[in-house]
S.K.: 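Structure in structure tokens, see below.
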2 protein chains.
Amino acid sequence: MTDPEQACPIAPAVDIVFSRWTTPILWALHEHGRQRFVELQRRLPSITPKVLTERLRRMERDGLLTRTWYAEVPPRVEYEISDLGRSLSPVFAQLATWAGDHLDEVAKARDAYDATKMQNV
Amino acid sequence: MTDPEQACPIAPAVDIVFSRWTTPILWALHEHGRQRFVELQRRLPSITPKVLTERLRRMERDGLLTRTWYAEVPPRVEYEISDLGRSLSPVFAQLATWAGDHLDEVAKARDAYDATKMQNV
DNA sequence: CAGTATCCCATAGGATACTG
DNA sequence: CAGTATCCTATGGGATACTG
């Protein structure tokens, strides 16, 4: 984190919001409501507990979600998207629209590029 | 790239659009128009030529920008944002708005979190 | 000018096993 | 159940030097 921010006003937000797992986690919480660690694990089948924990901690710290601990046996912990997390909805909606409209163009561009570069392998 | 996509419809777009340098580069091209390698280097002072080259190649492959080579001496190459790249403007605008409205909340959330966790050095 | 070529590092992420 | 603890790897990124 040196200074790409200076050249680009959205760089700080990108740092907070976009990573391999933040959007899937936020999406799961948004779509399926308040849920427990193990439920998130089931919805994100390929994530490992270590990584899920790390991401949840960071997102909790950033205020994107809340973590509620119930001192029961066995322990129960519930995660819920916060208002701040929910405030990202328009951004995600906009991006979803873009993806729907343009992802195939990206695929075509890649094919064209790879074809002209004639993949030297 | 295994399957966070399955759980989250915007994950593929995130992969393409957001990285440490894609948004700053796109922003520079959007704000200052068609320009040469060295000009981009000047606008992104902390990027190294290696990384700038890598990013530009990938973005060219994805169709986000175009690269035009002039067989002159000394060589001249110009980069320009493409229509596809420009189609991201609403997404970036939305994100810029979110950042303006909520980045301070993130900062506060972090302070609060760090305070309660009492930072064990 | 517009890159390559090397070498190096930090970190996100992954595999696996274990615990209060 | 909700995580830790270890160990490991891949990759994005960085520093520096060189070239057609």
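On a predicted model such as this, the values are computed, not experimentally measured, just so you know. Letters go in sequence order (proteins before strands), and every chain restarts at 1. All heavy atoms count here, side chains included; hydrogens, waters and symmetry mates do not.
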S.K.: Atom CD of A:Glu72 and atom P of D:dC1: how far apart are they, to the nearest Å?
M.R.: 13 Å
S.K.: So which heavy atom on A:Trp98 is nearest to which on B:Ser87, and how close?
M.R.: NE1-OG, 2.8 Å
S.K.: Are A:Arg67 and D:dG3 close enough that a side-chain N or O sits under 4.0 Å from OP1 or OP2?
M.R.: yes
S.K.: Is any NZ, NE, NH1 or NH2 atom of the basic residue among B:Glu54 and B:Lys50 found under 4.0 Å from an Asp or Glu carboxylate oxygen of the other?
M.R.: yes
S.K.: Kindly say if B:Arg36 contacts the phosphate of C:dA2, meaning a side-chain N or O under 4.0 Å from OP1 or OP2.
M.R.: yes
S.K.: Can you measure B:Phe18 atom CZ to D:dT11 atom P for me and round it to whole angstrom units?
M.R.: 22 Å
S.K.: Please tell me which of the listed nucleotides, D:dC1, D:dG12, D:dT16, lies nearest to the side chain of B:Pro49?
M.R.: D:dT16
S.K.: How far apart are the closest heavy atoms of B:Leu84 and B:Asp62, and which atoms are they?
M.R.: CD2-O, 3.5 Å
S.K.: Return whichever of A:Thr53 or A:Pro75 has its heavy-atom-nearest nucleotide of DNA chain D closer to the 5' end.
M.R.: A:Pro75
S.K.: Which of the following nucleotides, C:dT4, C:dC1, D:dG12, is nearest to the side chain of B:Arg57?
M.R.: C:dT4
S.K.: How many Å lie between CZ on A:Arg76 and P on C:dG20, as a whole number?
M.R.: 23 Å
S.K.: Please report, rounded to the nearest Å, how far the P atom of D:dC1 is from the CD atom of A:Glu78.
M.R.: 14 Å
S.K.: Looking only at side-chain atoms of A:Val51, point me to the closest of D:dA17, C:dG13, C:dA17.
M.R.: C:dG13
S.K.: Just how far, in rounded Å, is P of C:dG14 from CG of A:Leu52?
M.R.: 11 Å
S.K.: Any side-chain to backbone donor/acceptor pair from B:Ser82 onto B:Leu64? Under 3.5 Å, distance only.
M.R.: yes
S.K.: What are the two closest non-hydrogen atoms of B:Thr23 and B:Val17, and how far apart are they?
M.R.: CG2-O, 3.7 Å
S.K.: Among C:dA12, C:dA2, D:dA2, which nucleotide sits nearest the side chain of B:Val38?
M.R.: C:dA2
S.K.: Rounding to an integer number of Å, can you tell me how far A:Met59 CE sits from C:dA12 C1'?
M.R.: 15 Å
S.K.: What would the secondary structure line of DNA chain C be in dot-bracket form, counting Watson-Crick and G-U wobble pairs under 3.5 Å, with [ ] for pairs that cross earlier ones and | for pairs with another strand?
M.R.: ||||||||||||||||||||
S.K.: Taking only the side-chain heavy atoms of B:Thr48 (C-beta and beyond), determine which of D:dA15, C:dT4, D:dG13 contains the nearest atom.
M.R.: D:dA15
S.K.: Which residue, B:Tyr79 or A:Glu54, contacts DNA chain C at a nucleotide closer to its 5' end, judged by nearest heavy atom?
M.R.: B:Tyr79
S.K.: For a side-chain hydrogen bond (donor to acceptor under 3.5 Å, both in side chains) check, start with the C-alpha distance between A:Arg55 and A:Ser19, then their side-chain angles and the critical distance, and finish with the verdict.
M.R.: CA-CA 10 Å; A:Arg55 277 291 133 189; A:Ser19 87; 3.3 Å; yes
S.K.: Reckon A:Trp21 has a side-chain N or O less than 4.0 Å from the OP1 or OP2 of C:dG14?
M.R.: yes
S.K.: Please report, rounded to the nearest Å, how far the P atom of C:dA12 is from the CZ atom of A:Arg20.
M.R.: 14 Å
S.K.: Measure CD/B:Gln41 against P/C:dT4 and give the value in whole Å, please.
M.R.: 12 Å
S.K.: Which one, D:dG14, C:dT4, D:dC1, comes nearest to the side chain of A:Arg42?
M.R.: D:dC1
S.K.: With a 4.0 Å cut-off on heavy atoms, is A:Tyr70 in touch with a base, just the backbone sugar-phosphate, or nothing at all?
M.R.: nothing
S.K.: So which atom in B:Ala28 and which in B:Gln35 form the shortest heavy-atom distance, rounded to 0.1 Å?
M.R.: O-NE2, 3.1 Å
S.K.: Does A:Trp69 place a side-chain N or O at less than 4.0 Å from the phosphate oxygens OP1/OP2 of C:dG20?
M.R.: no
S.K.: Side chain of A:Lys50, base of D:dG3: donor and acceptor closer than 3.5 Å?
M.R.: no
S.K.: Do the charged groups of B:Glu78 and B:Arg34 touch, with an N to O distance under 4.0 Å?
M.R.: yes
